[in-house]
Amino acid sequence: MISRSVFFMQEALKEARLAGEEDDVPVGAVVVYKEKIIARAHNQVEMLKDPTAHAEMLALTSATNHLGNKWLQGASLYVTIEPCSMCAGALVLARLDAVYFGAKDAKTGACGSVINIAHHKKLNHRLKVEGGILAKDCAGLLSEFFRNKRRACSSNG
């Protein structure tokens with residue numbers, strides 16, 4: 001039997017694969033409330049030509065619409081990569097209970113890798129943060145995507 005965290009991260013990975021199929025950075029997210037997925041999203045930055053269309057942001061919007069409330073207390077987000085500062089700030093503002101992520105992001109991670117917005121002592125809300133869930137699968141999906149991008153650029157160049 002797989003753990004709850006692994007199950008929900010597998011669902012986030014399904015979303016990430018959809019982003020990759022749409023030629024967007026393969027990041028996926030699900031919002032869980034009362035042990036049920038209430039929102040799913042994947043990166044749509046390229047498709048929408050919108051730098052804010054990260055999986056986390058889209059999942060938050062969907063979850064707040066589902067619950068009919070701007071606060072997501074009692075909810076958790078599962079995302080395939082550590083949230084950036086924009087997304088981590090939105091998670092704090094939405095007052096989620098927790099964020100669970102797969103791969104760390106050494107360049108833009110804002111849940112401990114570069115900065116820690118999710119647990120900043122001066123903010124009015126803090127999230128539980130747990131990383132490393134299916135980290136190899138999550139990181140591998142990203143690595144493969146960018147490897148294919150580089151390969152395509154060098155063969156076109």
Side-chain angles (χ1 to χ4, degrees), residues 1-70 72 74-94 96-111 113 117-118 127 129-156:
M1 188 164 141
I2 62 172
S3 75
R4 168 184 186 276
S5 292
V6 168
F7 172 79
F8 291 129
M9 190 59 70
Q10 287 173 335
E11 294 299 307
L13 274 162
K14 288 178 186 176
E15 288 294 319
R17 288 184 192 99
L18 292 174
E21 290 169 13
E22 296 169 0
D23 203 31
D24 215 318
V25 176
V27 176
V30 296
V31 176
V32 176
Y33 182 74
K34 295 184 178 178
E35 299 301 315
K36 291 185 181 168
I37 295 173
I38 62 166
R40 300 172 170 273
H42 56 273
N43 271 8
Q44 294 183 18
V45 172
E46 298 301 325
M47 183 177 73
L48 298 176
K49 307 290 185 247
D50 179 355
T52 69
H54 290 195
E56 301 96 320
M57 302 295 282
L58 299 172
L60 286 180
T61 298
S62 181
T64 56
N65 287 335
H66 176 85
L67 294 177
N69 192 338
K70 65 182 178 180
L72 293 173
S76 298
L77 178 86
Y78 289 79
V79 61
T80 55
I81 192 167
E82 181 180 358
C84 69
S85 57
M86 173 185 67
C87 294
L91 299 176
V92 169
L93 292 173
L96 271 91
D97 285 0
V99 59
Y100 301 94
F101 65 86
K104 287 187 176 234
D105 186 343
K107 293 182 181 180
T108 65
C111 292
S113 288
I117 292 173
L127 299 154
V129 175
E130 183 181 326
I133 302 163
L134 297 179
K136 276 187 174 181
D137 295 333
C138 295
L141 192 59
L142 288 159
S143 294
E144 180 183 358
F145 176 81
F146 287 113
R147 188 171 35 255
N148 290 339
K149 284 286 190 192
R150 286 188 297 275
R151 194 174 298 136
C153 283
S154 65
S155 65
N156 289 335

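Heavy atoms only: backbone and side chains are in, while hydrogens, waters and symmetry mates are out.
Smallest separation of non-hydrogen atoms from Ile38 and Ser62: O-OG, 4.4 Å. Counting all heavy atoms, side chain and backbone alike, Cys138 lies closest to Gly102 at SG-CA, 3.8 Å. Of all heavy-atom pairs spanning Ala12 and Val30, the tightest one is N-CG1, 4.1 Å. Summarising the geometry of Ala59 relative to Ala41, their closest heavy-atom pair is N-CB, 3.5 Å, with the distance given to 0.1 Å. Nearest heavy atom pair, residue Leu58 against residue Ala53, reads CD1-O, 3.7 Å. Taking all atoms of both residues into account, the shortest heavy-atom contact from Val45 to Pro51 is CG1-CA, 4.2 Å.
Side-chain atoms of Leu96 and Leu60, non-hydrogen and from C-beta on, do get closer than 4.5 Å to each other. For the pair Asn43/Glu22, no side-chain contact is recorded, criterion being any heavy-atom separation below 4.5 Å from C-beta on. For the pair Asp24/His42, no side-chain contact is recorded, criterion being any heavy-atom separation below 4.5 Å from C-beta on. Side-chain contact between Pro26 and Arg17 is absent, with no heavy-atom pair separated by less than 4.5 Å. For the pair Met86/Thr52, a side-chain contact is recorded, criterion being any heavy-atom separation below 4.5 Å from C-beta on. Annotation: side chain of Ile2 is in contact with side chain of Gln10 (closest heavy-atom distance under 4.5 Å). In this structure, Val129 and Phe101 have side chains that are in contact, with non-hydrogen atoms separated by less than 4.5 Å.
Expressed to the nearest 0.5 Å, how far OG1 of Thr64 lies from NE2 of His66 amounts to 11.0 Å. In this structure, Met57 CE and Gln44 CD are separated by 13.0 Å, a value rounded to the nearest 0.5 Å. Here Cys87 contributes atom SG and Ile81 contributes atom CD1; the two are 10.5 Å apart, rounded to the nearest 0.5 Å. For the atom pair Leu134 CG and Leu13 CG, the distance stands at 6.0 Å (nearest 0.5 Å). The line from NZ of Lys104 to SG of Cys111 is 10.0 Å long, rounded to the nearest 0.5 Å.
A salt bridge links Glu11 with Lys14: the closest approach of a Lys/Arg side-chain nitrogen to an acidic carboxylate oxygen falls below 4.0 angstrom.
Classification of the Tyr78-Phe8 ring pair by plane angle, with boundaries at 30° and 60°, yields tilted.
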Problem set entry | Test side chain to side chain contact (heavy atoms under 4.5 Å, CB included) applied to Val99 and Glu82, step by step | CA-CA 9 Å; Val99 59; Glu82 181 180 358; over 6 Å; no
Exercise. What do the steps show when you test Glu35 against Arg4 for side chain to side chain contact (heavy atoms under 4.5 Å, CB included), and what is the final call?
Worked result: CA-CA 9 Å; Glu35 299 301 315; Arg4 168 184 186 276; 2.8 Å; yes
Problem set entry | Trace of the side chain to side chain contact (heavy atoms under 4.5 Å, CB included) decision for Leu72 with Leu67 | CA-CA 8 Å; Leu72 293 173; Leu67 294 177; 3.6 Å; yes
For this session: Before giving the answer on side chain to side chain contact (heavy atoms under 4.5 Å, CB included), spell out for Leu141 and Thr80 the whole-Å C-alpha distance, their side-chain angles and the decisive distance to 0.1 Å.
Result: CA-CA 9 Å; Leu141 192 59; Thr80 55; 5.9 Å; no
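The backbone N or O of Glu46 sits less than 3.5 Å from a side-chain atom of Lys49, completing a donor-acceptor pair.
A side chain to side chain contact (heavy atoms under 4.5 Å, CB included) with Cys84 is found for one member of Val27, Asp105, Thr108 and no other, namely Thr108.
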